Undergrad: 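Have a look at the structure that comes next, please.
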Amino acid sequence: MFHVGQGLSFALSNTNGLPAIVYFNNVLSGGTVELYNLSIDEARSAIDSGEISPVELINAIFERIEAVEEKVRSYVSLTKEKALTQARQAGGDIKRDVKQILLGIPIAVKDNICTEEVKTTCSSKILEDFIPPYESSVTQRLKEHGYILIGKTNLDEFAMGSSTENSAFGYTRNPWDIERIPGGSSGGSATAVAADECIAALGSDTGGSIRLPAAFCGVVGFKPTYGRVSRYGLVAFASSFDQIGPITKNVKDSAILLNIISGHDPFDSTSANLPVPDFISVLGNDIKNIKIGVPKEYFIEGMDKEVEDYVKEAIKKLESLGAIPVEISLPHTGYAVATYYILATCEASSNLARYDGVKYGLRVDGEDLVDMYMRTREVGFGAEVKRRIILGTYALSSGYYDAYYRKAQQVRTLIKQDFEMAFESVDVIITPTTPTPAFKVGEKTEDPLQMYLSDIFTISVNLAGVPGISIPCGFTTNNLPIGLQIIGKHFDEESVLKVAYTYEQATDWHKRKPNL
Ligand code: GLN
């Protein structure tokens with residue numbers, strides 16, 4: 001950790017009227033670092049030392065959004081006026097010496113997380129005008145720590161997808177190559193972080209939706225253990241999988257946000273009533289003799305050669321830092337995608353039954369009540385959401401329930417046991433986050449099965465409920481980020497963060513910025 005004034009002096013310069021920071025002893029390759037480049041940790045130091053104000057920071061972020069948003073389209077909506085008001089208040093609070101870790105820090109939130117009085121659309125026509133009358137527990141906690149909401153980020157409709165192309169409001173582009181998708185479903189949040197349109201963001205992960213876009217966009221994405229973070233106010237997709245987590249510029253910021261959002265919540269009966277450790281305090285602990293499992297099933301035929309090479313390189317790096325790689329087997333890996341797509345669609349078909357034109361959002365009038373339901377759902381849902389509702393309803397119907405739903409639940413248990421067995425001999429598991437780097441816009445939209453296979457390395461983690469992070473571990477020859485996945489035992493986010501942080505400190509991948 002560094003503080004302003006600890007070998008790193010900031011100077012404020014005013015180029016084109018924009019507030020800018022120059023690091024004299026620049027950690028980031030000797031160039032100019034703009035305010036919007038800052039991490040949470042750096043912004044906190046710069047604000048607390050009085051070198052920048054929350055208003056300057058928020059202005060820098062909105063100017064950045066103005067400059068690049070047209071290219072990347074991270075946001076569904078922006079909350080500029082509110083954010084400016086909050087930034088002014090934060091400035092006053094700082095003068096009064098109020099101490100809150102996120103005071104004045106601009107954060108983006110995925111648009112399936114309810115924000116009181118701020119539209120929450122799930123990138124679906126059916127919720128296009130839905131304004132939640134309440135705050136999700138995670139954003140409530142961010143509020144209590146002083147954050148400023150910048151806006152709501154784009155996603156695959158109801159978080160169903162791997163590319164952010166399933167949004168009813170247009171797709172988001174990858175900041176490293178705008179001809180490519182950013183990954184999904186939290187593509188808007190990952191892009192907003194990678195393109196410096198916010199300081200950090202929240203996403204949600206049901207089968208990989210935090211880690212996959214984090215990998216494709218070259219940022220850090222963490223899916224906590226199922227039950228670690230409250231789902232209250234997260235619009236439900238598949239409730240036994242969904243978890244909210246941070247998408248950030250580095251591992252320390254991930255720990256900072258995790259400290260805030262974790263913990264028992266009486267509003268979510270699946271949130272675990274366990275003590276929350278201080279995730280920051282484990283960063284920097286050495287990883288000597290820590291055992292890292294490398295599952296042989298995760299280096300498969302057909303995976304991208306550069307991805308494979310960089311991940312193997314990363315394992316060597318960890319070894320040089322004291323970790324001990326051990327080959328392991330997760331024998332039921334091959335069933336994960338099929339199992340997930342049965343269970344997740346079953347849960348989705350049930351969860352999405354609530355959108356009937358009566359309780360929320362869109363209503364399309366019909367001849368009678370049933371006709372109104374049907375028209376509303378016909379117009380309100382996109383193709384992928386409909387496909388999943390149909391699949392899930394089919395798999396749950398009498399006569400098929402035992403063959404599909406029940407069977408898939410049994411396989412889920414086997415997959416969970418694979419992890420439990422592996423963790424008897426290793427501390428963390430290392431895999432690639434994705435089999436390929438970001439693909440081209442439109443490349444997989446015609447073939448849902450191909451799209452589903454993008455999640456092949458992330459899905460088992462949700463089936464088992466264990467925590468997993470994706471951190472940058474390399475770039476392809478055409479400059480696309482590659483992600484390294486680190487998986488931990490249930491409620492052992494600390495080991496995951498410790499290994500991730502140690503690797504990050506020994507490499508420079510997370511410092512690269514897309515050229516926008
Ligand atoms: N891509 C997976 C799906 O389409 C996972 C989505 C997610 O994690 N929300 O279901």
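Start at 1 and go down the list; that is how both ligands and their atoms are numbered. Remember, predicted model here, so these are calculated numbers, not experimental data.
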Undergrad: In this structure, is the centre-to-centre distance between the rings of Tyr355 and Phe158 below 6.0 Å?
TA: yes
Undergrad: Less than 3.5 Å apart, any donor N or O on the side chain of Asp111 or Ser77 sitting next to an acceptor on the other?
TA: no
Undergrad: Among side-chain atoms of Tyr405 and Gln409, is any donor-acceptor pair under 3.5 angstrom?
TA: yes
Undergrad: Looking only at side-chain N and O atoms, does Thr248 offer a donor or acceptor that is under 3.5 Å from a partner on Asp253?
TA: no
Undergrad: Show your working on ring-ring contact (aromatic ring centres under 6.0 Å, His included) between Tyr134 and Tyr232 and close with a plain yes or no.
TA: CA-CA 10 Å; Tyr134 69 104; Tyr232 179 73; 5.4 Å; yes
Undergrad: Could you name the protein residues that come within less than 4.0 Å of ligand 1, counting only heavy atoms, and order them by chain and residue number?
TA: Ala159, Met160, Gly161, Ser162, Ser185, Asp205, Thr206, Gly207, Gly208, Ser209, Phe237, Tyr340, Tyr341, Arg388, Asp455
Undergrad: Describe, in one word, how the ring planes of Tyr310 and Trp509 are oriented to each other, choosing from parallel (under 30°), tilted (30 to 60°) and perpendicular (over 60°).
TA: perpendicular
